Every structure is written in C-alpha cells, then in structure tokens.
Amino acid sequence: MNIRRIALISVPYLWLLALFMVPFLIVFKISLSDIALAIPPYTPTLDISGGWTEVRSFFSQLDFENFEFLATDDLYWKSYLSSLKIAFISTFICLLVGFPIAYGMANAPKEWQPTLMLLVILPFWTSFLIRVYSLIGILSQEGMLNQFLMWIGLIGEPLTILNTNIAVYIGIVYTYCPFMILPIYATLIKLDGSLLEAAEDLGCSRTEAFWRITVPLSKAGIIAGCFLVFIPALGEFVIPSLLGGSDTLMIGKVLYEEFFANRDWPVAGAVAVILLLILIVPIVLYQRNEQKIMEAEK
Amino acid sequence: MRRLTWFNATSLTLGFAFLYIPMIIVIVYSFNESRLVTVWGGFSTKWYGELLQNEAFLDAAWVTFKVGLVSSIIATILGTMGAYVLVRGGRFFGRTLFSGMIYAPLVMPEVITGLSLLLLFISIGLDRGLFTIILAHATFSMCYVSVVVSSRLVSFDRSVEEAALDLGCTPFEAFRLVTLPIIAPAVISGWLLALTLSLDDLVIASFVAGPSATTLPIKVFSSIRLGVSPEINALSTILIGIVTIGTFAASLTTKRAVMRKDRERRLAEQ
C-alpha cells in the first residue's frame, strides 16, 4: 500500500462520502427533527460545544413523529400510491410502444441500423425540459392533437388533456421511451434468427414463434427497460408539475412543495426517506437482472 | 430474419413520428410571425432576435455554460479515478460502500439528491450560488463517467499495462502512456455525458442555486409555467440544433475512426 494508491482511492472516496453519504445522513437526521420557526427551520440543532449532555439531549429530542404524520395524513400515502400507479401504468404503456419500435429496428435492413439507433439516441441527448415543453403546445385545448382529432371528426369539442393525469402518462411515455427501446433492441439484435426458422420448420406459426421464442429470449432486455422507466418515473417532478393538474399527486412534486412552499423541512426529509425505501425494491431487482445479463454474456 | 415487413415498417414509422413530431412542431412554430402559438401568421425570424436581446436568458445561458464546463471537467477527472479504483483498485477497506456510492446516484431521484445537497450546504454554512451548483453537478455526473469508463477498463487487456510496468514504467507513466490512450474514447464520451447532464439539469440546480445564480433550465422552467411562448420555441430550436449537429458529428467521427482502423488492419494483414 503506497502513498499514491491511497491518494488515488481516497480522493473520489472522500468526495462521495462528503457530497453523497453525509448529505443523505443529514436528510435522515432532519426527518427525525421537529419543525420550528427559526433559521434553519427545525429543532433540535446539534451544538457540540455543549459537551456530552448537549449531545445526549440532542438525540433524545429526535423521534419518528414525522413518519407517524406521513402515515396518518391522507395526502402522503395517497401520493405514494398514486406515484406507484402512474409509474406502473406508464411503464406498461412504454413497453407497448417501445417493443414494436425495438422489434422493427432489430429487423430493419442492416445498413439502416446505425441511423435508426442514432434517431433513438438523439432525443436522449436533447434537453428533457424541452421535450416536455414540446408536449404542452400539442396537448393544450387549442393544440395540434385536438385540432387533428376534430379535423378527422372523431370528437366534436376539444378535450381537456393538458393538466390532467393523462397528460402525465403521455409525458412519461414520450420522454422515457428511448430507455425502453435501447435495452430491448440490444437483446433482440443478438437473437439467433435460425431459432425462428427452426420453429417455423417445425410447424410453428409466425405469431406462435414470436411468443414462444422472441419474447422469452428478450426477457432480460424487457425487464431492464421496464426498470429504467419505472425507477425515474416514480420520483418524477418536472412532468407532473408542467403537464399534470393541481389534482395530480406525485411524490416528487409533493416533496418539492413541502420543502419550498410549506418550508416544512422535517416532513420533506421524511418523505424523501420513505421514497428511497420504496425504491430499494425495484433497484435491487434491476441490479439482479443486470448481473444475470452480464453472466449470460460471459 | 432481416426483412422489412409491413408490421415493422408501420411500427418504425409510427414510433419515430411519435418521438419527433412534437419537436418538429416546436421548431416550425419558432419561425411563426404571430405571438399566438397555435395560429400560423407567416414566416419570421423575429423571435430569435428578441431572444438574443433578452438579458435574463443570456445571463442564464452564460451561467449554465460555466457550470457545465467546470463541473464536467471535475466529474471526468474524479469519475475516471473512481472507475480505475473500482476496476484496478483491488481490495481495500470499504470497497462495497465505494461501489455502492458510485452506482446509487444513477438511480437516486433528483429531488432527493437536490434536497440532501441543499441541506448539506446549509448546515455547513456555504452560500448558495455558482460554486454549489458546480459541486452538486460534479458529484452526480462523476458517477455516470465512472460507469462509462469502467465498462471500457473491464474490457481491455491488462497485460499491456503489465508489460509497460515490466519494461520500467512507473505506475503513473504506465497509466499515462498505455491506459489513458486506450480508455480515451470512453473518457471523452463520459465527459460529453457529464456536460449534457449538467446543461440539462433542472431539479438539482433549483435546489442548490441561490438567487445569485440562475441556470438556463431554471429560467426556462419558470417561463414555461406561464405557458407556451415563441421565444422558448426559438431557444428550443437552437438547443435541438446544437444537439443534432453534435450527435451527428460524433457518430461520423466514430464511423471514420472505425473505417480507418479497418483499413490499417487490412494493410497490416497484406
């Protein structure tokens, strides 16, 4: 163990400890505090100069009151449930939209593939905010979608889409679609075409071969894509606040408002801690799936 | 298997129409004479002129650029070090914690990252502004750089490094002369990713930015909340244009590099 190696390890290590781990511990600590009319707006604050008794009284004042509050107040558990529901449904729609695109890409002529790939990646590099913004003009009352639907005679009066949950679904599907397409495309492109031919030779219909061979063999990509959409969608803030209405409950938005509008830092901290606890399950499942893909490739 | 059936052609057409039509409409309407964003009033570039005279947007763009440049450079250096430690570091105390801290920010909701960093800055009494945004962006984007660089480090042959060491290189020389040139493409794409993430970030910046420093996404967000406007359409068009040119240029350079390598290999084989 020489000095150089210690320096190499400790620089990124200490950086992450100071700017990732410690901040999170602070959030946890504040979630156990109480709101106060002071600067900073919570109590107790730790004063080490007071010695051991001060530290002891500091810890005795921490409690789980905010978590009890979250459990009893409708707003919070409804927001968690509604975030889970919105993230779940939009992940499913994303799969329905993304799979055919990935399938079409994987089966397109070989010389088209780099261009198609580029066309999927391009929105990913484009500003997220601008892509959400581009939907506002389309979904509004006098927007393109309503004009189009009235023009083809499907509806007589403009629908209210913007500022409803439907707009949030459309927004999530639109912005996160590339995350679904890319992993599915990556597994489909590796699929051995001779398996499908063999199935057809053995009397499988095309559709049957699709369900019995293509889908099971692209399972890893489907799972990866679903988690890549579900995990960020759950904590989403920009889409519900720009496309959703006042009755759209999503926990990322609630946290933001709790902190900035209500200035209740302890409750905002508790909301963050619970959100992380909910996220641990999908994150662990996603990691397991990734490990499986890695092992399969070896 | 590679045949373009009707089903595939339809799903590709509809899929890409879905991905691109909203952005194309924004671009088209940025050249609209009328202030009304749903009525076409003739071709005009006047909104670009107004945008370039809007001090608030220009200031915000300058802040965003400075933050993006500095934070992405810090993130690239730290991220490459992190990747090297992960892949070549061997065993050390707290390795699991370290790799956890590299991967966790990738899946952490932005509101939580923003909130926790803000609470840190407040509790150590750091004034919010340019410096805090740079710290925040460097922290989350270094993790993306680490992931990109470490996947490259894993895949290359370690014996070249060992050969350099055997031939008398110091570990640092071996890194600079052998490892760095090999992982350079990954380091560059990691840097581009860090830059894009920083230029794009709204949520974390709005937590850690003080009143003294407003980034472009924060400014855009607050004006979008008031509704669609032709200036924002013009700004979006400029940004989409930059990204499109950048992406195409990057893909052309990679394609050229691949072709050159192919040619060199063929020449070597002759």
Side-chain angles (χ1 to χ4, degrees), chain A residues 4 8-9 11-13 15-16 19-24 26-27 30 40 97 100-101 103-105 107-110 118-119 121-123 125-131 133-138 142-144 174 177 193 196 231-232 234-235 237-238 242 252 255-256 259 268 272 275-276 279 283, chain B residues 1-5 8-9 11-12 15-16 18-19 22-23 25-26 29 37-38 78 81-82 84-85 89 92 94 98 101-102 104-105 107 109-112 115-117 119-120 122-123 135 139 142 171-172 196 200 202-203 217 220-221 224-225 228 232 236 239-240 243-244 246-248 251:
Chain A
R4 227 184 243 129
L8 179 69
I9 294 175
V11 172
Y13 206 137
W15 182 287
L16 284 174
L19 286 151
F20 179 74
M21 206 61 212
V22 171
F24 187 69
I26 294 175
V27 171
I30 287 177
V97 173
I101 303 179
Y103 187 80
M105 282 169 68
N107 288 300
K110 209 150 187 109
L118 199 65
L119 283 173
I121 293 175
L122 195 61
W125 289 97
T126 312
S127 164
F128 183 80
L129 195 54
I130 286 174
R131 281 187 294 146
Y133 167 75
S134 71
L135 288 176
I136 297 179
I138 291 182
E142 60 277 10
M144 290 280 173
Y174 178 65
C177 215
L196 290 172
I231 293 169
L234 197 62
F237 161 73
V238 179
L242 285 180
L255 193 162
Y256 192 91
F259 190 84
L275 175 57
L276 262 191
L279 273 172
I283 289 171
Chain B
M1 189 201 172
R2 308 252 181 270
R3 59 196 161 197
L4 200 65
T5 60
N8 291 338
S11 63
L12 281 180
F16 284 108
F18 173 61
L19 283 179
M23 283 195 273
I25 291 176
V26 167
Y29 273 86
V37 279
T38 47
L78 287 172
M81 286 171 89
Y84 201 79
V85 170
F92 57 89
F98 183 72
M101 288 193 299
I102 292 274
V107 286
E110 287 168 313
V111 274
I112 297 183
L115 175 72
S116 63
L117 281 166
L119 293 176
L120 170 81
I122 289 174
S123 61
L135 283 182
T139 306
M142 77 170 270
F172 182 71
T196 318
D200 215 24
L202 163 74
V203 180
V220 170
F221 183 71
I224 290 178
R225 287 199 127 170
V228 177
I232 299 286
S236 306
L239 294 178
I240 293 172
V243 170
T244 311
T247 314
F248 273 93
S251 89

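This structure is a prediction, so every number in the text was calculated from the model and none was measured.
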Checking [X] against chain A: side chain, backbone, both or neither under 4.5 Å from a heavy atom?
X	value
B/L117	both
B/V85	side chain
B/L19	both
B/T244	both

Practice problem: Examine whether an atom of A/P123 lies under 4.5 Å from a heavy atom of chain B, and if so say whether it belongs to the side chain, the backbone or both; otherwise answer neither. | Solution: both
Exercise. Please lay out, stage by stage, how B/Y29 and A/M144 fare under the test side-chain contact (heavy atoms from CB on, under 4.5 Å).
Key: CA-CA 12 Å; B/Y29 273 86; A/M144 290 280 173; 3.3 Å; yes
Value rounded to 0.5 Å, distance of [atom1] in [X] from [atom2] in [Y]:
X	Y	atom1	atom2	value
A/I121	B/S251	CD1	OG	9.0 Å
B/S236	A/Y133	OG	OH	5.5 Å
A/F128	B/D200	CZ	CG	8.5 Å

Quiz prompt | Geometric class of the A/Y13/B/F92 ring pair [parallel <30°, tilted 30-60°, perpendicular >60°] | solution = perpendicular
Quiz prompt | Verdict with reasoning, A/L242 to B/F221, per side-chain contact (heavy atoms from CB on, under 4.5 Å) | solution = CA-CA 9 Å; A/L242 285 180; B/F221 183 71; 3.6 Å; yes
Quiz item: Based on non-hydrogen pairs under 4.5 Å, which of B/V26, B/I122, B/L115, B/V203 is most in contact with chain A?
Solution: B/L115
Quiz item: Do the non-hydrogen side-chain atoms of A/L19 and B/L120 ever get within less than 4.5 Å of each other?
Solution: yes
